[in-house]
Amino acid sequence: MRALQTVKGMHDILPDDMPKWHFVENLFKKISVQYGFEEIRTPVVEPLELFIRGIGETTDIVEKEMYTFIDKGDAHLSLRPEGTASVIRSYLQHNLGAQTSVLRVCYLGPMFRRERPAKGRYRQFYQAGAELIGASEPASDAEIIDFAVFFVKSLGIKEISVQINSLGDSDTRPKYKQALIDFFSNKRDKLCSDCNRRLELNPLRVLDCKVSCCIEARENAPSILEFLNDEAKEHFDELQKLLKIYDINFNVVPTMVRGLDYYTRTIFEIQGTSDLLGSQSTIVGGGRYNNLVKELGGKSVPTIGFAFGIERLLIMLGDNIGIDNVKKIFVAGVGDGDFERTIKISNMLRKAGLNVEAPYKMGSLRAQLKRASKSGAMFSVIAGEDEASKNEVTLKNMLTGEQVSVSIDSLADKIRSQM
Ligand code: AMP
């Protein structure tokens, strides 16, 4: 029978790769705590309506990329394509704003988008992110950008650039959209067919298109920064001052719009500047979305957040990642008479907190030590008959080959002192 494979664009994460994943995830959790963020977990399946209202009906994600299905109870459900809309749904559902004026939450988990698979672009990928709900001050924008930059740098990724822009408030977008429609009106034949359609529905998306004719056509397009009101302009200026205090190098990129409709004012990206990621160079994306809480049925609550894709960070990291191997002990016996003893000793060492591998049946010592070596064990414990009569075992250092007799009672302490 034909062996089954993963669904196109989805991938297994195999045990050998797991230490790298844990390294990234644990560092993210640690730095989240340093910045005052607590973890939140939301379901992978949400009502379709959440993403239509949250992300925007004319975005690529909602238009083309969602995994949506009707369940047996006729509910229209979607696999979440991103984390922010779910976090805000949860914030409203549990009235989390009542407990504190500013809520800081972070999350980590699989997201699903039916995009064209490429290096660094998958249909199931893992995102981690943070949301700072309830603060409107530029200092909260600067803090969250610093959090994202500090995290990426702490991983050891140095080749990055930080790009920022402002999308202004609700008065900016209609004016800017009109300016774009005017600008592109006599360039329609130069735009791809998708952008011709986007120009009617969501002209900002034309600025995001990766097709070369559209990149050319938008040269000299008007800048959104010319359409900011005084408050939004002041906010953006203040943010830039604060980023300098944080010592963050950044570029203002007025054509950056990002793919989700919910953003207002600040948006930012961290790009990998090495060519490891090919065209998928954005490793972190984020911004402010002051209207999303209201859009999803709450009051107006200013919010800012970011998300990064773990796969892309791992591609950037390659093998430059300092991971401690799991320190393992292998317990071997010689004849069948040793079997019970190996189980007892393995059990004792595990209960003392050590990582242990033990055979399920006895075999030659040579074969067992070979297996110990293959498993990467630091030490082997040889629980033979002769030593056992003296309440001892042989402890073999698998790196140096040195062997010593150790009393069973002090075995766990002895191993620990040598690790
Ligand atoms: P977004 O939610 O689109 O703002 O994306 C935030 C980050 O998630 C990106 O910068 C990527 O690192 C990651 N990401 C988004 N889409 C994908 C995908 N299809 N495959 C892998 N990573 C992705």
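Atoms within each ligand, like the ligands themselves, are counted from 1 in listed order.
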* Quick one: does Glu269 get a heavy atom under 4.0 Å from ligand 1? ->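 No heavy atom of Glu269 comes that close to ligand 1.
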* Are any of the heavy atoms in Arg121 under 4.0 Å away from ligand 1? ->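 It does, in that a heavy atom of Arg121 comes within the 4.0 Å cut-off of ligand 1.
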Applying a heavy-atom cut-off of 4.0 Å, say which part of [X] lies close to ligand 1: side chain, backbone, both or neither.
| X | value |
| --- | --- |
| Ile283 | backbone |
| Val284 | backbone |
| Arg258 | side chain |

* Begin with the C-alpha distance, continue with both residues' side-chain angles, and end with the deciding distance and a verdict on side chain to side chain contact (heavy atoms under 4.5 Å, CB included) for Ile13 and Tyr126. => CA-CA 11 Å; Ile13 305 162; Tyr126 287 76; 3.7 Å; yes
Side chains of [Y] and [X]: any donor to acceptor distance under 3.5 Å?
| X | Y | answer |
| --- | --- | --- |
| Asn26 | Lys30 | no |
| Ser161 | Gln271 | no |
| Glu131 | Thr84 | yes |
| Ser140 | Arg288 | yes |

Subset of ligand 1 atoms that lie under 4.0 Å from at least one heavy atom of [X]:
| X | result |
| --- | --- |
| Ala307 | 6 (C), 7 (C) |
| Thr282 | 9 (C), 10 (O), 11 (C), 12 (O) |
| Gln127 | 1 (P), 2 (O), 5 (O), 6 (C), 7 (C), 8 (O) |
| Arg113 | 1 (P), 2 (O), 3 (O), 15 (C), 16 (N) |

Any N/O of [X] closer than 3.5 Å to an N/O of ligand 1?
| X | answer |
| --- | --- |
| Tyr263 | no |
| Glu311 | no |
| Phe308 | no |
| Glu82 | no |

* Asked: Are side-chain heavy atoms of Phe69 and Val45 found at a separation under 4.5 Å?
  ->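 A side-chain contact under 4.5 Å exists here.
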* Apply the test salt bridge (Lys or Arg N to Asp or Glu O under 4.0 Å) to residues Arg205 and Glu63: give CA-CA distance (whole Å), side-chain angles for both, the deciding distance (0.1 Å), then the verdict. => CA-CA 13 Å; Arg205 310 281 311 126; Glu63 250 186 4; over 6 Å; no
* Residue among Arg123, Gln124, Glu311 satisfying side chain to side chain donor-acceptor pair (under 3.5 Å) with His11 ->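 It is Glu311; the other options fail the test.
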* Under the 3.5 angstrom rule, does the side chain of Arg198 hit a backbone N or O of Val206 as a donor-acceptor pair? ->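 Checking the backbone N and O of Val206 against the side chain of Arg198, no donor-acceptor pair under 3.5 Å is found.
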